Number of protein chains: 2
Amino acid sequence: MTYRDIKADILERILNGTWPPGSAVPNEQELAVEYGAARATVNRAMRELVDEGFVERKRKAGTRVRLSPVRQVRFEIPMIRKEIEEQGATYRYALIRSEVMLAPDWLRARLNLKQGTEVLHLVCMHFADGRPFQLEDRWINLAATPQGRDFDFSTVGPNEWLVQQVPFSDVEISFSATTADPEQAMLLNCRAGDALFRVERQTTWQDQVVTYVSLIYRRDHRMTTRY
Amino acid sequence: MTYRDIKADILERILNGTWPPGSAVPNEQELAVEYGAARATVNRAMRELVDEGFVERKRKAGTRVRLSPVRQVRFEIPMIRKEIEEQGATYRYALIRSEVMLAPDWLRARLNLKQGTEVLHLVCMHFADGRPFQLEDRWINLAATPQGRDFDFSTVGPNEWLVQQVPFSDVEISFSATTADPEQAMLLNCRAGDALFRVERQTTWQDQVVTYVSLIYRRDHRMTTRY
DNA sequence: GAGTGGTCTAGACCACACT
DNA sequence: GTGTGGTCTAGACCACTCT
């Protein structure tokens, strides 16, 4: 019996109703005896079942099957170039606009920036087989990443540049729907007022917001995953 | 040194550039000696770093810091009642429409159903503090879940019923934007043509699709998470 | 106080992937 | 073949939390 077998067996008993939601699961010692395994092996199986949201454990109280399984989705966030190339399409990038400016009020409030902070505002397009795929509207905090001021983003996209500057950080991401304004409609080759799919991402490093970006896709775009 | 300390220390070295992206990390034996810990303890720390996308491991080849961080998002998918109640709002549910019918062609194609399969089509509203929050447009495969035919969904929502009836092995979920048709606009109290945020979910058990549901939110709805 | 899970250890064998 | 991670074991001690 490997920990995988034990995990699968326990999960089977949960799913087929042997141990219904809310019921107690035998303790590790008992399961170890039943499966003829070490307690550490049972423990690993159970820890993964906790991770996946099937059971809850408390010291002394023991292990119980969750009433309603807390299912989690895991998304990979690929780089746009990879995403397009993995679809078998040709990737093309274009810088539309680039300007250094004082952070506008809405951005200052959102990113918690001091008054007078300069930001780099970039608007870029990402094409798949020549068709507009993603509109990237990015704001880079120059107080956190001053080297961005002089970098030439006309051939390298800001995301590819940033991941080399700030390798790992804390990210808040959100998905929503929005409507196309006239400029967005022109760039994405749709009509003003059309529904668009939007991903917003805010990246923090050491308590300082590095960048805020709004990634806008045409209405028919789907982000899909399995679990 | 606990495995948490070891993990934190290794992560620190990755973040501060001691072990830059692409570089090799010492093997488990060496790290165990360095930290004065058992190899199993180092192993647990490293396994979590793999889970979190910071390093890659291969037998024989050893452990390397990932070049481009494959960052992953984890979403919890709460039940709608909980989602609303956790916002401190009052939840209300209403069944709008319920009918048994032959699966329409687009659904048959999507769910891979045989011709002549009967499905239950439900349209439901979920309200937060009396305001439309989510429109649920659900299709239940009666070949997989025949007991749904006679259940009364006027007080219990289909999701709450389903999780008690059917275990599920595989879920495909996708996010997109769509436009309100006249009926949706009326139910969600917005205008036809408005942008809406849509979550689609298809649930499979033992190679048979159990249910397909489209969950529609008003434009201002955001799904947010951190990673 | 006592029962349960959380973690660590030292040692072992195995499976894979590279040579 | 050989080096690496993957896993298991038996035993131990600890930390939380319930009574």
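All values below were derived from every heavy atom in this structure, side-chain atoms included, with hydrogens, water molecules and symmetry-related copies excluded. As the structure is a prediction and not an experimental result, all values here were calculated from the model.
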Could you give the start and end, 5' to 3', of the contact zone on DNA chain C for chain A, using atoms under 4.0 Å from its heavy atoms?
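On DNA chain C, the outermost contacted nucleotides are C:dG3 to C:dT7.
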Could you pick out which residue, A:G36 or B:N27, lies toward the 5' side of DNA chain D when each is mapped onto its nearest nucleotide?
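In this pair, the answer is B:N27.
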Tell me what B:R44 touches on the nucleic acid: a base, only sugar-phosphate, or nothing, going by heavy atoms under 4.0 Å.
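Sugar-phosphate: the residue B:R44, judged by heavy atoms under 4.0 Å, touches backbone atoms but no base.
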How would you label the contact of A:A40 with the nucleic acid (heavy atoms, under 4.0 Å): base, sugar-phosphate, or nothing?
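Answer is base: heavy atoms of A:A40 come under 4.0 Å of a base.
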Consider only side-chain N and O atoms of B:R138 and B:T211, and report whether a donor and an acceptor are under 3.5 Å apart.
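Side chains of B:R138 and B:T211: pair found under 3.5 Å.
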Donor + acceptor pair across side chains of B:Q134, B:Y217 (<3.5 Å)
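Present: a donor and an acceptor within the cut-off.
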Strictly distance-based, threshold 3.5 Å: is any side-chain N or O of B:E30 a donor or acceptor partner for the main-chain N or O of B:N27?
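Pair found, side chain donor or acceptor close to backbone of B:N27.
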Between A:R64 (side chain only) and A:G22 (backbone N and O only), is there a donor and an acceptor less than 3.5 Å apart?
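Checked: pair present.
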Rounded to 10°, tell me the angle between the two end axes of the helix from C:dG1-D:dC18 to C:dC18-D:dG1, each built from five pairs.
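The angle, to the nearest 10 degrees, is 20°.
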Measure the shortest side-chain to side-chain distance between B:D129 and B:T90 over non-hydrogen atoms and say whether it is less than 4.5 angstrom.
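In contact.
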Is A:L162 close to A:I140 at the side-chain level, that is, under 4.5 Å between some pair of heavy atoms?
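They are in side-chain contact.
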Taking the six-membered ring for Trp, are A:H221 and A:F197 parallel (under 30°), tilted (30 to 60°) or perpendicular (over 60°)?
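Ring orientation of A:H221 relative to A:F197: tilted.
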Is the ring pair B:Y93/B:H126 parallel, tilted or perpendicular, if the boundaries are 30 and 60 degrees?
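The arrangement is tilted - the two ring planes meet at 30° to 60°.
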Knowing that exactly one of B:D9, B:D5, B:T41 qualifies, which makes a side chain to side chain donor-acceptor pair (under 3.5 Å) with B:Y35?
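Per the side chain to side chain donor-acceptor pair (under 3.5 Å) rule, the option paired with B:Y35 is B:D9, out of B:D9, B:D5, B:T41.
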Interface residues of residues 57-65 of chain A with DNA chain D (non-hydrogen, below 4.0 angstrom)
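Listed by number, they are A:K58, A:R59, A:K60.
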Could B:R92 and B:F127 be counted as a cation-pi pair, given that NZ or CZ must be under 6.0 Å from the ring centre and within 45° of the axis?
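The answer is yes, since B:R92 meets both limits relative to B:F127.
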